[in-house]
Amino acid sequence: MSKLPRTAVIGAGSSGIAAVKALHQRGVDVTCFEASDRVGGNWVFQNKNKMSAAYRYLHINTSRERMEYSDFPMPKSYPDYPHHAQIAEYFDAYVDHFALRDHIRFQTKVMRAERRVDGTWELTLDGGETQRFDALVVANGHHWDPRWPEPAFPGADTFAGTQMHAHSYIDNEIFKDRNVVILGMGNSAMDIAVEASYVAANTFLAARRGAWIVPKYLFGKPTDQLHNDPRVPFAVRRRLFEALLKASVGRPEKFGLPKPDHGFGQAHPTVSGRILDRIQHGTIAPKPNIRRLDGELVEFDDGSREKVDVIVYCTGYKISFPFFDEDLIAAPDNHIELFRRVFHPDIDNVFFVGLLQPLGATMPLAEAQGRWIADYLRGEYALPMPDALRADIAADHKAMAKRYVASKRHTIQVDFEDYLHDLAKERRAGAARAQAAGFRLPVPARSAPDEQPVAA
Ligand SMILES: Cc1cc2nc3c(=O)[nH]c(=O)nc-3n(C[C@H](O)[C@H](O)[C@H](O)COP(=O)(O)OP(=O)(O)OC[C@H]3O[C@@H](n4cnc5c(N)ncnc54)[C@H](O)[C@@H]3O)c2cc1C
Ligand SMILES: NC(=O)c1ccc[n+]([C@@H]2O[C@H](COP(=O)([O-])OP(=O)(O)OC[C@H]3O[C@@H](n4cnc5c(N)ncnc54)[C@H](OP(=O)(O)O)[C@@H]3O)[C@@H](O)[C@H]2O)c1
């Protein structure tokens, strides 16, 4: 009979609530700290935490059945690609259904997370209160700290119009009758360019690199529900899907977009059912990258110049942990070394949930990560030996660098099916190691010795 570690979770977005559920259901005493007054993080439009990137007409681009948790389906009345309000309601319903609300302290931001000499975590909350925990789960999201162009474009300080980041975009009111440049080829750029194209005088979509445009439906089904077998080598699946895209959608350069310098699956997917349509209607004009800004003018890499009122930088996000001492845990240029995106190689009681960028939806992966952490904290999963763990991290980095276009947006990529498949395999291997080790608890319960739950 041993005591289980008292565990804190930072963030009650879709990742944090999945972790809280997994830990709570497995007998771990868990407290989640949430800066906002409700769960759902990014999916709460105009969230009080000021961290949400949701815009008024945002819909998910991973389909409902892909995004839902394994044991809590979204209502069948939902469309295939629901609106953000429906998604936020779904997360609320999940928390109530599994009675998780009492484990979440709302309007409580974690300002500092410090590792004490004895290995426990001391959290300083925004009211100044401190609390001590044996283990810490980080689920603070990675789409809230905007990455602006680095370095800024020459002349950015002379630009007479408005420069903004996609993170602060709300709706297309600001584009009415104006000349607009949307920069980027990710999903923010697609959505915002399409919205601009209905009201702006001119919408220019500028990009430094092309992308394969993935439609929301293929063969009458949401595209992400097409069969994708992780046992088939990636190169084969890539070629097949690329051929399918060329045949059904066409090559991006046919629409005046830059030719992708990579194969399908070698960049985070750009999903849009509408962008090509709007380009073909003549309402969006593709452009190469911005070269410089000069007063009212934007000059592009092909030498063309346009008079522009608004530039929206859809240039992605930084992975940030403002509560950690940077010397302990940080992600410079979005790089962070973790075993399978969850376990820190040097710190045995900190874990990350949802810190991945899937080809597919995040939620079922966060759910699986939560269960994996619960196994570990209960001594039912043991990590590989340190050398093997480091070798695995190095191999993962190497594989990602080989496969993906070099970009700060491609440091935490995973394939949905492959990740779940590999994680299940690793959990089985770790269960055998844990058994051999006599189900030893890896994280001792030290933070509040008299109040700990007891492992079965
Ligand atoms: C515009 C946009 C559209 C997207 N569309 C999709 C999609 O269709 N499908 C998909 O799978 N993914 C999508 N994503 C990715 C998105 O990251 C995930 O959907 C999801 O929001 C990840 O959940 P999370 O819990 O990890 O992070 P978040 O949703 O960002 O939640 C993090 C939570 O942590 C809290 N928090 C942060 N710091 C602290 C702190 N110090 N103390 C206390 N609380 C804290 C925040 O208040 C927040 O509630 C999209 C992202 C963007 C930007
Ligand atoms: N409807 C939806 O569900 C929806 C909508 C929006 C966003 N999202 C999600 O939100 C996340 C973030 O997406 P995002 O589109 O905001 O960011 P992103 O995927 O990181 O894309 C950033 C884009 O900006 C480009 N870029 C970065 N720096 C640049 C620079 N200095 N000059 C020119 N181009 C630059 C990148 O090009 P390189 O490739 O060359 O780096 C890339 O095209 C993703 O997970 C996405 O799927 C979903």
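Numbers here are sequence positions counted from 1. Atoms within each ligand, like the ligands themselves, are counted from 1 in listed order.
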Exercise for the section: Indicate whether any N or O donor in one side chain lies under 3.5 Å from an N or O acceptor in the other, for D301 and N289. Expected result: no
Problem - Min heavy-atom dist W144 to ligand 1 below 4.0 Å - result: no
Handout entry: salt_bridge(E195, R274) N-O dist < 4.0 Å
Key = no
Problem - Closest protein heavy atom to atom 35 (C) of ligand 1, given as residue, atom name and distance to 0.1 Å - result: E34 OE1, 3.3 Å
Practice task
State plainly whether the residues R403 and D418 are in salt-bridge range, i.e. N to O under 4.0 Å.
Solution key: no
Problem - Nitrogen or oxygen of G184 less than 3.5 angstrom from that of ligand 2 - result: no
Problem - Donor-acceptor pair between H83 and E89 side chains, under 3.5 angstrom - result: no
Handout entry: N334 versus T411, side-chain donor and acceptor atoms under 3.5 Å
Key = no
Problem - Lys/Arg-Asp/Glu bridge criterion (N-O < 4.0 Å) met for D396, R340 - result: no
Practice task
For the residue pair Y55 and D191, confirm or rule out a side-chain donor-acceptor distance under 3.5 Å.
Solution key: yes
Exercise for the section: Assign the ring pair F343 / F351 to parallel, tilted or perpendicular, where the plane angle (0 to 90°) is split at 30° and 60°. Expected result: perpendicular
Handout entry: H397 and E337, any side-chain heavy atoms less than 4.5 Å apart
Key = yes
Practice task
Please state which part of I60 comes within less than 4.0 Å of ligand 2, counting heavy atoms only: side chain, backbone, both or neither.
Solution key: backbone
Exercise for the section: Write out the residue and atom name of the closest protein heavy atom to atom 22 (C) of ligand 1, then the distance separating them to 0.1 Å. Expected result: S14 OG, 3.7 Å
Fill in the blank from the handout: the protein heavy atom lying closest to atom 39 (O) of ligand 2 turns out to be R409 NH1, 3.2 Å
Problem - Option of least heavy-atom distance to atom 26 (O) of ligand 1 (set: P322, A139, S36, S15) - result: S15
Exercise for the section: Using atom types as modelled and distance alone, determine if a side-chain donor or acceptor of Y78 lies under 3.5 Å from a backbone N or O of Q86. Expected result: yes
Practice task
Please indicate whether any nitrogen or oxygen in M185 is less than 3.5 Å from any nitrogen or oxygen in ligand 2.
Solution key: yes
Problem - Option with minimal heavy-atom separation from atom 17 (O) of ligand 2, where the choices are G186, G210, G316 - result: G316
Practice task
Please state which part of C314 comes within less than 4.0 Å of ligand 2, counting heavy atoms only: side chain, backbone, both or neither.
Solution key: backbone
Problem - Residue selection (non-hydrogen contact nearest atom 8 (O) of ligand 1) among L125, N61, D37 - result: N61
Practice task
Hey, can you tell me if H97 and F72 have their rings parallel, tilted or perpendicular (30° and 60° cut-offs)?
Solution key: tilted
Practice task
Tell me, please: is H142 in heavy-atom contact with ligand 1, that is, under 4.0 Å?
Solution key: no
Exercise for the section: Would you indicate which of N42, T62, V110, I60 comes nearest to atom 52 (C) of ligand 1 when only heavy atoms are counted? Expected result: N42
Problem - Proximity of L183 to ligand 2 by residue part, where a heavy atom lies under 4.0 Å - result: side chain
Problem - Option with minimal heavy-atom separation from atom 15 (O) of ligand 2, where the choices are S188, P146, A53 - result: S188
Practice task
Give the contacting part of N49 toward ligand 1: side chain, backbone, both or neither, where contact means a heavy-atom distance below 4.0 Å.
Solution key: side chain
Exercise for the section: Could you tell me if any non-hydrogen atom of A267 lies under 4.0 Å from any atom of ligand 2? Expected result: no
Problem - Residue K109 vicinity, atoms of ligand 1 by number, heavy atom under 4.0 Å - result: 40 (C), 41 (N), 42 (N), 43 (C)
Handout entry: Lys/Arg N to Asp/Glu carboxylate O, K216 vs D80, below 4.0 Å
Key = no
Handout entry: ligand 1-proximal atoms of M363, by part, heavy-atom distance under 4.0 Å
Key = side chain
Handout entry: Side chain, backbone, both or neither: N187 near ligand 2, heavy atoms under 4.0 Å
Key = both
Handout entry: Under 3.5 Å: N/O of S407 near N/O of ligand 2
Key = yes
Handout entry: Quiz item: cation-pi between R6 and F133, 6.0 Å / 45°
Key = yes
Practice task
Just need the protein heavy atom nearest to atom 13 (C) of ligand 1, so name the residue and atom and give the distance.
Solution key: W43 CZ2, 3.9 Å
Handout entry: H268, portion touching ligand 2 at heavy-atom distance under 4.0 Å
Key = side chain
Practice task
Considering the heavy atoms of G41, write down every atom of ligand 1 situated less than 4.0 Å from one of them.
Solution key: 29 (O), 31 (O), 48 (C), 49 (O)
Practice task
Report, in ascending order of atom number, the atoms of ligand 1 lying under 4.0 Å from any heavy atom of F33.
Solution key: 43 (C), 44 (N)
Practice task
Please confirm whether the backbone N or O of I284 pairs with a side-chain atom of S197, one donor and one acceptor, at under 3.5 Å?
Solution key: no
Fill in the blank from the handout: among protein heavy atoms, the one nearest atom 17 (O) of ligand 1 is H143 ND1, 2.8 Å
Handout entry: Sub-4.0 Å heavy-atom approach of T108 to ligand 1
Key = yes
Problem - Side chain, backbone, both or neither: L58 near ligand 2, heavy atoms under 4.0 Å - result: side chain
Handout entry: Pair S63, D224: side-chain N/O donor-acceptor within cut-off below 3.5 Å
Key = yes
Handout entry: Proximity to ligand 2 by part of H59, non-hydrogen separation under 4.0 Å
Key = backbone
Exercise for the section: Look at atom 36 (N) of ligand 1 and say which protein heavy atom is nearest, naming residue and atom and giving the distance to 0.1 Å. Expected result: G11 CA, 4.0 Å
Fill in the blank from the handout: Looking only at protein heavy atoms, what sits closest to atom 12 (N) of ligand 1 is T362 OG1, 3.6 Å
Practice task
Could you tell me whether Y55 approaches ligand 2 through its side chain, its backbone, both or neither, with non-hydrogen atoms closer than 4.0 Å?
Solution key: side chain
Practice task
Give the numbers and elements of all ligand 1 atoms closer than 4.0 Å to a heavy atom of F323.
Solution key: 41 (N)
Practice task
Compare V405, N61, N42 and give the one whose heavy atom is closest to atom 3 (O) of ligand 2.
Solution key: N61
Exercise for the section: Could you label the plane-to-plane angle of the H165 and H167 rings as parallel, tilted or perpendicular, counting under 30° as parallel and over 60° as perpendicular? Expected result: tilted
Handout entry: Residue, atom name and distance, where the atom is the protein heavy atom closest to atom 30 (O) of ligand 1
Key = G141 CA, 3.6 Å
Exercise for the section: Report yes if the side chains of F241 and W212 come closer than 4.5 Å at any heavy-atom pair, otherwise no. Expected result: no
Exercise for the section: Could you list which atoms of ligand 1 come closer than 4.0 Å to a heavy atom of A53? Expected result: 53 (C)
Completion exercise
re atom 45 (O) of ligand 2, the protein heavy-atom contact at minimum distance is Q357 NE2, 2.6 Å
Problem - Nearest-neighbour protein heavy atom for atom 38 (N) of ligand 1, which is reported as residue plus atom name and distance - result: N140 CB, 3.6 Å
Problem - Atoms in ligand 1 with a heavy atom of M51 nearer than 4.0 Å - result: 37 (C), 38 (N), 46 (C), 47 (O)
